[in-house]
**Student:** 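Here it is, the structure, as structure tokens.
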Amino acid sequence: TLSLHDALPISANGNLDARIKDRMSERTIEYLRPSVLDDVPSTGHVIIEASAGTGKTYTIEHLIIDLLRTTAKTIEEILVVTFTEKATAELRGRIRTAIENILRRPSASAPPKTGHAWVSLDDSACHRLEHALATFEHAPIFTIHAFCNRVLTEFAFHSGARFNLELVDGGRTFRTT
């Protein structure tokens with residue numbers, strides 16, 4: 001976890017502190033990219049399904065970094081949907097921390113660990129990561145039911161749904177009926 005001291009300083013307008021920007025312009029930023037991402041298509045939809053403890057969250061957090069590095073202009077363009085609220089909260093925290101760590105870390109100084117390679121970030125990718133960090137609260141990382149609720153609310157006229165839909169616990173509703 002990050003302490004307040006470790007957090008990247010973000011100004012009131014959502015930009016990184018000038019000291020961080022100056023440091024970033026003086027060096028090349030590199031990060032360890034997992035080689036498993038070589039097997040994931042860079043466009044289209046991706047479903048990652050595996051047993052517990054196999055590295056799904058790790059893969060997803062690095063997939064988002066990779067998309068921001070290569071194709072996505074903003075984090076708002078990347079939809080992440082998972083099953084539980086706990087998984088959603090963990091993904092949000094880990095993705096944000098990964099972005100912060102990449103922006104804070106100096107160039108590669110050690111050989112890459114097994115299954116990873118050092119990848120350099122160009123200025124454009126660095127700016128997209130900065131923007132992603134500054135606008136992270138808008139990242140569309142949802143549970144399935146929260147995503148469906150958002151779509152039904154945003155497209156209420158098209159779907160014929162009511163504006164103030166309420167998410168309910170299906171198990172509790174079933175037991176009380």
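None of the values given here were measured: they were computed from a predicted structure.
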**Student:** If you round to the nearest 0.5 Å, how far is CG of Leu67 from CG of Leu37?
**Tutor:** 8.5 Å

**Student:** Go through the structure and list residues passing side chain to side chain contact (heavy atoms under 4.5 Å, CB included) with Thr70, not counting sequence neighbours.
**Tutor:**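 Once residues adjacent in sequence are excluded, Thr70 has no partner under the side chain to side chain contact (heavy atoms under 4.5 Å, CB included) criterion.
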
**Student:** Grab the two heavy atoms, one from Pro112 and one from Ala117, that are nearest each other, plus how far apart they are.
**Tutor:** CB-CA, 4.1 Å

**Student:** Which pairs of donor and acceptor atoms, one on a side chain in residues 78-85, lie under 3.5 Å apart (sequence neighbours left out)?
**Tutor:**
{"from": "Thr84", "atom 1": "OG1", "to": "Ala87", "atom 2": "N", "distance (Å)": "3.0"}

**Student:** Nearest 0.5 angstrom please: Ile60 CD1 to Ile48 CD1, how far?
**Tutor:** 4.5 Å

**Student:** For side chain to side chain contact (heavy atoms under 4.5 Å, CB included), just list the numbers for Phe136 and Ile95, CA-CA rounded to whole Å, side-chain angles, deciding distance to a tenth of an Å, and then say yes or no.
**Tutor:** CA-CA 9 Å; Phe136 195 79; Ile95 293 165; 3.6 Å; yes

**Student:** Can you tell me how far the CG atom of Leu152 sits from the CZ atom of Phe147, to the nearest 0.5 Å?
**Tutor:** 9.5 Å

**Student:** Tell me, please, which residues at least two apart from Thr54 pass side chain to side chain donor-acceptor pair (under 3.5 Å).
**Tutor:**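 With neighbours one apart ignored, the set is empty.
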
**Student:** Among all residues two or more places apart in sequence or in another chain, which pass the side chain to side chain donor-acceptor pair (under 3.5 Å) test with Thr57?
**Tutor:** none

**Student:** What about Ile144 and Phe142, same hydrophobic cluster or not, with Ile/Leu/Val/Met/Phe/Trp/Tyr joined at side-chain heavy-atom distances under 4.5 Å?
**Tutor:** yes

**Student:** Which pair of heavy atoms, one from Leu103 and one from Cys126, lies closest together, and at what distance?
**Tutor:**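 Between these two residues, the closest heavy atoms are CD2-O, 4.2 Å.
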
**Student:** Any non-hydrogen side-chain atom of Thr74 less than 4.5 Å from a side-chain atom of Thr135?
**Tutor:** no

**Student:** Of all residues at least two apart in sequence or in a different chain, which pass the side chain to side chain donor-acceptor pair (under 3.5 Å) check with Thr114?
**Tutor:** none

**Student:** Taking all non-hydrogen atoms of both residues, which atom of Leu68 and which atom of Ile75 are closest, and how far apart?
**Tutor:**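 Nearest heavy atoms, Leu68 then Ile75: CD2-N, 3.8 Å.
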
**Student:** Under the side chain to side chain contact (heavy atoms under 4.5 Å, CB included) rule, collect the residues that match up with His45, sequence neighbours excluded.
**Tutor:** none

**Student:** Indicate whether any N or O donor in one side chain lies under 3.5 Å from an N or O acceptor in the other, for Arg92 and Thr88.
**Tutor:** no

**Student:** Specify the closest pair of heavy atoms between Pro41 and Val46, including all atoms of both residues, with the distance to one decimal.
**Tutor:** O-CG2, 4.0 Å

**Student:** Considering only residues two or more places apart or on different chains, which pairs with a residue in residues 45-74 satisfy salt bridge (Lys or Arg N to Asp or Glu O under 4.0 Å)?
**Tutor:** Arg33-Asp66, Glu61-Arg94, Asp66-Arg69

**Student:** Residues two or more places apart in sequence or in another chain: which of them pass side chain to side chain donor-acceptor pair (under 3.5 Å) with Ser120?
**Tutor:** Glu30

**Student:** What heavy-atom pair brings Pro111 and Trp118 nearest, and what distance separates the two atoms?
**Tutor:** C-NE1, 3.9 Å

**Student:** Please verify the inter-ring angle class for Tyr31 with His62; under 30° counts as parallel, over 60° as perpendicular, anything in between as tilted.
**Tutor:**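 Ring orientation of Tyr31 relative to His62: parallel.
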
**Student:** Could you note down all residue pairs passing salt bridge (Lys or Arg N to Asp or Glu O under 4.0 Å) where residues 138-158 supplies at least one of them, sequence neighbours left out?
**Tutor:**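 Pairs touching residues 138-158 that pass the test: Arg150-Glu154.
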
**Student:** Looking at side-chain heavy atoms only, is the closest gap between Arg96 and Ile99 below 4.5 Å?
**Tutor:**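 With C-beta onward as the side chain, the pair stays apart.
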
**Student:** Drop me the distance from Arg128's CZ to Ile65's CD1, to the nearest 0.5 angstrom.
**Tutor:** 11.5 Å

